[in-house]
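Remarks on the structure that follows.
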Amino acid sequence: IYKYVTNRRIISEFSLSAENEDEKTSSSSPYFNRTCLLPFGQFLIAVNGKTDEIVVFDANTEEMTMTVPKIDNFKISCIAHPATHLNKIVAGSKDNFRLRLINVKTGKDIYEFQCQKKFFEEQLKKEPENQSKQISITSIVQTPAKSVISVSYSSGDIHFINIEYDEILYHFSHDYPVLNQTFRSD
């Protein structure tokens with residue numbers, strides 16, 4: 001990972017890889033098999049894909065400052081920082097359609113959103129042949145609207161969720177998985 005002062009000059013470089021061979025293969029190593037990276041103010045947040053712990057690095061000192069322990073039965077697929085929530089991230093699940101709010105300063109799991117869970121449970125009741133279908137969250141993006149995030153799924157669905165009130169504002173559906181999203185405000 002490189003830090004730039006300008007686009008031309010590297011001022012600092014630090015590695016999230018293991019220092020020695022034992023750390024590279026250790027399941028307890030915070031450096032093993034990263035799945036997500038999120039710049040977060042002066043911090044860099046990484047998700048350990050093997051243990052599903054959230055690791056917080058200070059980009060200035062290049063040291064690990066905190067590890068948020070794994071949440072039971074929750075494998076993280078993506079993370080995002082909602083602009084209106086200080087020191088918090090939203091994490092999406094690989095194995096199901098769960099979405100959680102986590103405080104990275106205190107290391108606490110704050111809230112599990114229910115609106116998308118209810119939506120998919122209703123969908124699965126209507127279409128019992130899809131009961132075995134695994135639905136994972138593929139991306140979470142902050143929208144230009146405050147307190148609204150966009151969540152995409154491997155099922156092709158997209159939800160605009162108001163995270164203040166835990167409600168789905170809009171729902172869109174595609175035939176194929178939605179892997180990424182972006183918004184323009186110009």
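Computed from heavy atoms alone, side chains included, the values below leave out hydrogens, waters and symmetry copies.
Side-chain contact check for T67 versus V56: every heavy-atom pair is 4.5 Å or farther apart. Side-chain contact between L38 and V47 is absent, with no heavy atoms from C-beta onward closer than 4.5 Å. Side-chain contact between K118 and Q123 is absent, with no heavy atoms from C-beta onward closer than 4.5 Å. Side-chain contact between V90 and H81 is absent, with no heavy atoms from C-beta onward closer than 4.5 Å. Between V68 and I102, the closest side-chain pair of non-hydrogen atoms falls below 4.5 Å. The shortest distance between side-chain heavy atoms of I54 and I45 falls below 4.5 Å. Within the 4.5 Å cutoff, side-chain heavy atoms of F183 are placed close to those of V141. By the 4.5 Å heavy-atom criterion applied to side chains, C115 and I161 are counted as neighbours.
Closest of all the heavy-atom pairs between R98 and D72 is NH2-O, 4.0 Å. For the residue pair L37 and A46, the shortest heavy atom distance occurs at CD2-CB, 3.6 Å. Across every non-hydrogen atom of T84 and K146, the tightest pair is CG2-CB, 3.8 Å. Across all their heavy atoms, Q142 and S147 have their closest contact at NE2-N, 4.2 Å. Closest heavy-atom contact between D58 and Q42: OD2-NE2, 3.3 Å. The heavy-atom pair separating N87 from K105 by the smallest distance is ND2-CD, 3.4 Å.
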From CA spacing to verdict: side chain to side chain contact (heavy atoms under 4.5 Å, CB included), I163, H85:
CA-CA 10 Å; I163 56 176; H85 288 68; 3.5 Å; yes

Evaluate D157 against S155 for side-chain hydrogen bond (donor to acceptor under 3.5 Å, both in side chains), listing each step before the verdict.
CA-CA 6 Å; D157 293 294; S155 62; 2.6 Å; yes

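Taking hydrophobic clusters as Ile, Leu, Val, Met, Phe, Trp and Tyr residues chained together by side-chain heavy-atom distances below 4.5 Å, V151 does not share a cluster with L169. Each of F120 and F172 belongs to its own hydrophobic cluster when Ile, Leu, Val, Met, Phe, Trp and Tyr are linked at side-chain heavy-atom distances under 4.5 angstrom. The cluster map of Ile, Leu, Val, Met, Phe, Trp and Tyr, joined by side-chain heavy atoms under 4.5 Å apart, puts V178 and Y176 in different clusters. I89 and V148 are assigned to two separate hydrophobic clusters, defined by single-linkage of ILVMFWY side chains at heavy-atom distances under 4.5 Å.
To the nearest 0.5 Å, atoms CZ (F160) and CD1 (I149) are separated by 11.0 Å. Annotation: the span from S93 atom OG to I71 atom CD1 amounts to 9.5 Å, rounded to 0.5 Å. Between the CG atom of L99 and the CZ atom of F74 there is a distance of 7.0 Å, given to the nearest 0.5 Å. A distance of 8.5 Å separates CG in N103 from CG in L86, rounded to the nearest 0.5 Å. The distance from the CG atom of L179 to the SG atom of C78 is 11.0 Å, given to the nearest 0.5 Å. Here the straight-line distance linking atom NZ of K94 with atom CG of N96 works out to 12.5 Å at 0.5 Å rounding.
In this structure, K70 places its NZ atom where more than 12 heavy-atom neighbours from other residues, nucleotides or ligands lie under 6.0 Å away.
Taking the six-membered ring where the residue is Trp, H171 and H159 present tilted rings, their angle falling between 30° and 60°. The aromatic rings of Y111 and F113 lie perpendicular to each other, with more than 60° between the two planes, well past the 30° mark.
Ring pair F97/F119: centre-to-centre distance not below 6.0 Å.
A donor and an acceptor atom, one from each side chain of S152 and S139, are located under 3.5 Å apart. Between S150 and T143, the side chains place no donor N or O within less than 3.5 Å of an acceptor N or O (distance only, hydrogens not considered).
A salt bridge links E112 with R100: the closest approach of a Lys/Arg side-chain nitrogen to an acidic carboxylate oxygen falls below 4.0 angstrom.
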